[in-house]
Protein chains: 2
Amino acid sequence: MIILSRLADYGVIVATCLAADRERQATASAVAAATQLPRATVAKLLKALARAGLVSSTRGVAGGYRLARDPAAISLSEVVAAIDGNIGLTQCSVHVEDCARTNYCPTRPHWAAINNAVAKALAAIALEEMVTPYTFAPPGKGRFTPARREKIAEPGVTP
Amino acid sequence: MIILSRLADYGVIVATCLAADRERQATASAVAAATQLPRATVAKLLKALARAGLVSSTRGVAGGYRLARDPAAISLSEVVAAIDGNIGLTQCSVHVEDCARTNYCPTRPHWAAINNAVAKALAAIALEEMVTPYTFAPPGKGRFTPARREKIAEPGVTP
DNA sequence: ACAAATTGGACCGAATTGGTCCGCTATAGG
DNA sequence: CCTATAGCGGACCAATTCGGTCCAATTTGT
């Protein structure tokens, strides 16, 4: 089973990309190029992030996006929630109504606890932490090259 | 966003139902009736649980299912994994290969930590705990009222 | 031998998701 | 003033996945 949707996953990547250098005003296409994700999708994600108030946008010819807040003040749960909606473990924690009909469940109270555990784990990590250990391109330096990316894409997975 | 699939959700309910009285050998139909879930689906779930070794099955005319182990020794993560497969936060934590192509991700190492948090939260709760506080009320007696459920479904989400 | 069960798999229909595209508005520069 | 650029807000399509059902086979008790 996979917990967060691909869109949410991408959303974090996109947000992290913006967090990499907070000053720069990046266009959707620029972010798409940097992240190697399809432009249209990135645009969609940025829209969602903007609507959630996580990134600020400026329109027009010299427009673009940038983080609205300090990367240290944006948690992953916010990013995920901006795209996938609020986190709930089961259907009934999101839509309460239809629970009445299908199930009998003494189990439900426990879900809330687990729910919190997940939410907390996600809330405990800030965007800043996602970018720092690998130093994206801190001071005015070059962006990430696709080549470099391949190398660091390897590990992950197992703790 | 919803973390566990409906099937997994149901799976926990079914398992909890069996845990409610460990001695009894329950047929798939009996469990379906008790849980108010469609029979075919329950049968499917029980099959999956059996294959994972969580419940033992006996075939034939007086057959049925029962828990293979003590309810205190079965964690929710096992039940969920039996149905939805292993828990992973992102695609790349499950299928590593396609990660190399799509994304650049300095972010990935962090996923593992969150992954663990979720897994631990799920592993920390045993089937036994799911059944005790609310004592199933096997035949005849009242189910849970939607009203009560509403109260406990609220929380979670915000940090 | 028959009936009641699980087993394993195939199968379909539908809901959700990922992704694209459109027309619109706003801004900067010539 | 006009044009090019870029975000905005949808609608929209395509496809994968998911929930659910069904069937043939096997096993076992009466």
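Chain letters run A, B, ... following the sequence lines, proteins first, then strands; residues in each count from 1.
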Could you go through nucleotides 6-8 of chain D and list every protein N or O atom that sits under 3.5 Å from one of its N or O atoms, giving the distance for each pair?
from  : atom 1 : to    : atom 2 : distance (Å)
D:dA6 : O4'    : A:G60 : O      : 2.7
D:dG7 : OP1    : A:A28 : N      : 3.1
D:dG7 : O3'    : A:S57 : OG     : 3.4
D:dG7 : N2     : A:R59 : NH2    : 3.0
D:dC8 : OP1    : A:S57 : OG     : 2.4
D:dC8 : OP2    : A:Y65 : OH     : 2.7

Write down the protein N/O and nucleotide N/O pairs, taken from nucleotides 13-20 of chain D, whose separation is under 3.5 Å; answer none if there are no such pairs.
from   : atom 1 : to    : atom 2 : distance (Å)
D:dG19 : OP1    : B:R6  : N      : 3.0
D:dG20 : OP1    : B:R6  : NH1    : 3.2
D:dG20 : N7     : B:K44 : NZ     : 3.0
D:dG20 : O6     : B:K44 : NZ     : 2.7

**OP:** I would like to know whether A:E128 and A:R22 meet salt bridge (charged side-chain N to carboxylate O under 4.0 Å, His left out); could you show each step before the answer?
**Re:** CA-CA 10 Å; A:E128 187 180 44; A:R22 176 132 153 63; over 6 Å; no
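Heavy-atom minimum distance, B:G53 versus B:A68: O-CB, 3.4 Å. Closest approach of B:A82 to B:L54, counting heavy atoms only: CB-CD1, 4.0 Å. The minimum heavy-atom distance linking B:I83 with B:A48 is given by the pair CG1-CB, 4.3 Å. Heavy atoms only, all atoms of each residue included: B:C17 and B:V31 are closest at SG-CG1, 4.3 Å. Between B:A30 and B:R24, the shortest heavy-atom distance links the atoms CB-NH2, 3.7 Å.
Checked against B:D9 for a side-chain contact (heavy atoms from CB on, under 4.5 Å), the options B:V14, B:L4, B:D84 give a single hit: B:L4.
Proximity of B:L18 to B:L127: side-chain heavy atoms (C-beta onward) are nowhere separated by under 4.5 Å. A:D70 has its side chain out of reach of A:I74: every pair of non-hydrogen atoms, C-beta onward, lies at least 4.5 Å apart. Looking at A:V55 and A:R66, their side chains never come closer than 4.5 Å, going by heavy atoms from C-beta outward.
First and last contacting nucleotides of DNA chain C toward chain A (any atom under 4.0 angstrom from a heavy atom, 5' to 3' order): C:dG18 to C:dA28.
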